[in-house]
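The basis for the numbers below is simple: all heavy atoms, side chains too, and nothing from hydrogens, waters or symmetry mates. The shown structure was predicted, so the numbers you read here are calculated from the model rather than taken from an experiment.
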Protein chains: 2
Amino acid sequence: MTTRRTGLREQKKQATREALRAAALRLALERGPDNVRVDDIAEAAGVSPRTYNNYFSSREQAIVAAVTSEREARVAAAVADRPDGVGLADAVVEAVVDQFTASAEPGREALLLLITTRPALREAFIGTTAAIEHPLAEAVAGRLGDGEPHTARVLAASVAAAVRVALEQWLRTTVSSATAGGLVVPAGSLADLLRTTLAPLRPALDAAEQRARRHRQQ
Amino acid sequence: MTTRRTGLREQKKQATREALRAAALRLALERGPDNVRVDDIAEAAGVSPRTYNNYFSSREQAIVAAVTSEREARVAAAVADRPDGVGLADAVVEAVVDQFTASAEPGREALLLLITTRPALREAFIGTTAAIEHPLAEAVAGRLGDGEPHTARVLAASVAAAVRVALEQWLRTTVSSATAGGLVVPAGSLADLLRTTLAPLRPALDAAEQRARRHRQQ
DNA sequence: ACGCAAATTTGCGTGTACGCATCTTTCTGC
DNA sequence: GCAGAAAGATGCGTACACGCAAATTTGCGT
């Protein structure tokens, strides 16, 4: 069930996706994102321009994907993996913080600077938070038991929305401090900002968990 | 402060916006939405195609706007207007239900049928829920006192997300019952669906209200 | 190995979104 | 009223997203 499609086909698909990601990132960094056309990315990745849009539905998605790749699945997995002893609220909050703080790629800093600068990229970056909604909903549903799938969806959507708010705030302060001070200061850690922003949702998560527990014991 | 800009200029602007809305709606209803190009709408409204995109940033927005017009402001106003005796959760939920249930326009039924049918219109319709976020945030902030504006933003974003979830569900069941039964049945009232979907957020709204109250008495 | 079925890539055509420069309309202070 | 400023409308050019159908590649049973 993990990888339903296992074969050369799926392998090549991921390779193409990765090639497009890498090409987009490299070109954006060396030319500046405004001087990169999708034709350039496609050519650098060795596929047709039309194929690019089979993988990404906007020019910015490929660039941003370098920083957000697979994040959705990792958040969901992290939530599902926390032991049952940990409360739902803690599980969700810490999973989100972990996955959004973990920096793997080199050149991530330069890319983030780029993202903070260009409005179109900011928009695309912000947009990626929506992707965590469905995986997260399933993970939450798994923890709540399948009593009320509605609730899990709503909570996941709310968490995603809160994360989006946090990122907007973070980008706002980052870009303004960059503009004002000339130097890019994180303006308070993203981790703290995420925790603060998610705090108002804790009561909702707790209540849902209690309800589910009660329902289960009945 | 209500209408900062009061003059012939703003008046004409609103007239143009309304003309585009009306033209888009009329054409979509009589030809089917796939047979309407933005050039047609612009021509029918008596403006240049370029001007269309100064008002709406996608072809679908004008069509959908006929049903969502001004909803954002009305929801916010409704929240702000409920007496302080009513709890925040009730104020928000009922304001949302009222404004999403209120049907003014004639031909709303036909338009909704259209929206449920065409994927692109569904997407645009769903997208309009995001617009209530900022006005709602201000209304909530007004009720919570200006202690923690963060909280208001997060709660408003969560409510908007929950409304989006409800509409998605509603459209899903509506379209499937339309496909299956041949007749469009509301498949349970939208009002009930909204109340159910917003229910999980009530604890968060209550908690924020309590916190604000405590903070104020201190 | 072979061939059919399914998935993917590609080229093409159309409609769309939007930056920019320019022209027209409206607003403001005098 | 009037002259300059500000805001909006328009035309043009470019890049982009995507439906569609033909061509190519991969998977699988035999």
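Taking A:D34 as the reference, A:R118 meet the side chain to side chain donor-acceptor pair (under 3.5 Å) condition, with sequence neighbours excluded. For B:R50, the salt bridge (charged side-chain N to carboxylate O under 4.0 Å, His left out) test picks out no residue, with sequence neighbours left out. Residues forming a salt bridge (charged side-chain N to carboxylate O under 4.0 Å, His left out) with B:R59 (at least two apart in sequence, or on another chain): none.
Distance CD (A:E60) to P (D:dA15): 14 Å, rounded to an integer number of Å. Rounded to an integer number of Å, the gap from A:D34 CG to C:dC18 P is 15 Å. When rounded to the nearest whole Å, the span between CG of A:L20 and P of D:dA17 equals 13 Å. We find that OH of A:Y52 is positioned 7 Å from P of D:dA17, with the value rounded to whole Å. The nearest whole Å value for the distance from the CD1 atom in B:I41 to the P atom in C:dG15 is 13 Å. With rounding to whole Å, B:L8 atom CG is found 12 Å from C:dT28 atom P. Atom CG in A:L27 sits about 16 Å away from atom C1' in D:dA15, given to the nearest Å. If you measure from atom CG of B:D40 to atom C1' of C:dT16, you get 13 Å, rounded to the nearest angstrom.
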Pick out the pairs of N or O atoms, protein on one side and nucleotides 22-25 of chain C on the other, that lie under 3.5 Å.
none

All N/O contacts under 3.5 Å from nucleotides 20-23 of chain D to the protein, with atom names and distances to one decimal?
none

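The shortest distance between the side-chain N/O atoms of B:T51 and the OP1/OP2 oxygens of D:dT10 is below 4.0 Å. Between C:dT9 and A:Y55, a contact under 4.0 Å exists linking OP1 or OP2 to a side-chain N or O.
Taking a 6.0 Å sphere around CD of A:E148, one finds it holds more than 12 heavy atoms contributed by other residues, nucleotides or ligands. No more than 12 heavy atoms of other residues, nucleotides or ligands lie within 6.0 Å of CD in A:E123, so this atom counts as exposed by the packing criterion.
Checking D:dC18, D:dT10, C:dT9 against every side-chain atom of A:N54, the shortest atom distance belongs to C:dT9. Across C:dT26, D:dC18, C:dT16, the shortest atom-to-atom separation from the side chain of B:R59 is found for C:dT16. Distances from the side chain of A:S58 to the nucleotides C:dC27, D:dA17, C:dG11 place D:dA17 closest.
Judged by distance alone, the side chains of B:Q61 and B:S57 do bring a donor and an acceptor atom under 3.5 Å apart. For the 3.5 Å distance criterion, the side chains of B:R172 and B:Q169 qualify, holding a donor opposite an acceptor.
Results of the side chain to side chain contact (heavy atoms under 4.5 Å, CB included) test with B:R164 over B:T197, B:V159, B:T129, B:I132 single out B:T129 as the only residue that passes.
Among the heavy atoms of the strands, none lies under 4.0 Å from B:D39.
Ion pair B:R153/A:E168 flagged as a salt bridge, since at least one NZ, NE, NH1 or NH2 atom sits closer than 4.0 Å to an Asp/Glu carboxylate oxygen. B:D98 and B:R74 are not joined by a salt bridge, as no carboxylate oxygen comes within less than 4.0 angstrom of a charged side-chain nitrogen. A salt bridge links A:R195 to A:E94: at least one charged side-chain nitrogen sits closer than 4.0 Å to a carboxylate oxygen.
Overall, the helix from C:dA1-D:dT30 to C:dC30-D:dG1 carries an axis bend of 40° between its ends, with five pairs at each end and the value rounded to 10°.
Annotation: the span from A:N54 atom CG to A:T16 atom OG1 amounts to 10.5 Å, rounded to 0.5 Å.
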